[in-house]
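Just follow the structure's listing: the first ligand is 1, and inside any ligand the first atom is 1.
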Amino acid sequence: MKELVLPDQMAQRVHDLYTRMEAEYDRVASELHFGCEGCPDNCCDSHFQHHTYLEWAYLWKGLRELPVEKFEQVEQWAAAHVRECSRAESRGERPQVMCPLNEEGLCILYKHRMLVCRTHGVPASMQRPDGQVLRFPGCFRCQELVEKRGESEEDVPQVERTPLLRELVMMEDEFLSRRRHLYPKVKLTIAEMIIKGPPMVPLSFCERGCDDENCG
Ligand code: SF4
Ligand code: SF4
């Protein structure tokens, strides 16, 4: 199978989008006087799955920049993470296992961390394609702050995720050569993305008569 290589120009656009997400997060956090300092929790043990080939490829771009020994260590942590999650799931529990990219409380791939890592914490809203508005209240500490302000959920400072997510989906479509609908859905944790290796063009594309002359 052939790797889905992320061109530099598209990696730069992912970086720009992530930067704008961060700026929005910082704006809301600042308006709420909210920060993670002194928190007894560490959200990097939350169980999240990620859904785009684009973010998967961007994560791998970062992994390839790690020194070899660090990368091998991360692979081992990722394998242990997958085993521990599957043990928790077999007990019918939601896994709560520290992300394999978190070392002593810090993200070792901070520049390449995922969208979820950049938006979790502060209140946010998002409009679904059917028009329904979803609201996310933020983490437990942020909810305490918001409660004290006594504002309605519409008035509270929040990140409007819709335009940012739309842009991500459009870039994903472009990355997948406008054939997003033909690709298997991605639903992977960071650990699983590490263990699986970088994203690949599905084999079934060749069986269907792939029109990419560079397909190898
Ligand atoms: S996002 Fe909230 S719960 Fe998570 S570390 Fe920050 S303050 Fe703590
Ligand atoms: S990628 Fe980084 S910020 Fe995101 S969960 Fe893992 S360690 Fe935390």
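Listed by chain and residue number, nothing satisfies the ring pair (Phe, Tyr, Trp, His ring centres under 6.0 Å) test with H50 (two or more places apart in sequence, or in another chain).
At a heavy-atom cutoff of 4.0 Å, ligand 2 is contacted by the side chain of I190 but not by its backbone.
Nearest to atom 8 (Fe) of ligand 1 among the protein's heavy atoms is C39 SG, 2.3 Å. Distance from atom 2 (Fe) of ligand 1 to its nearest protein heavy atom, with residue and atom name: C139 SG, 2.3 Å. The single protein non-hydrogen atom nearest to atom 7 (S) of ligand 1 is R141 NH1, 3.3 Å, given as residue, atom name and distance. The protein atom (non-hydrogen) at minimum distance from atom 6 (Fe) of ligand 1 is C36 SG, 2.4 Å.
The atoms of ligand 1 that sit less than 4.0 Å from any heavy atom of F140 are 3 (S). Near F34, meaning under 4.0 Å from one of its heavy atoms, ligand 1 places the atoms 2 (Fe), 7 (S).
Shown here is M200, whose CE atom has more than 12 heavy atoms of other residues, nucleotides or ligands within 6.0 Å.
The distance from atom CZ of F175 to atom CG of L6, rounded to the nearest 0.5 Å, is 5.0 Å.
The hydrophobic cluster containing W60 also contains L4, counting ILVMFWY residues as joined when their side-chain heavy atoms lie under 4.5 angstrom apart, directly or transitively.
The ring of Y183 has its center closer than 6.0 angstrom to the ring center of Y53.
A side chain to side chain contact (heavy atoms under 4.5 Å, CB included) with P137 holds for exactly one of Q143, E147, Q158; it is Q143.
Note on atom 8 (Fe) of ligand 2: protein N, O or S atoms under 2.8 Å away count 1, no waters included.
No donor-acceptor distance shorter than 3.5 angstrom exists from the side chain of E31 to the backbone of P157, with no hydrogens or angles considered. Proximity of a side-chain donor or acceptor of R113 to a complementary backbone N or O of Y110 within less than 3.5 Å is detected.
Under a 4.0 Å N-O distance rule, the pair E167/R161 does not qualify as a salt bridge.
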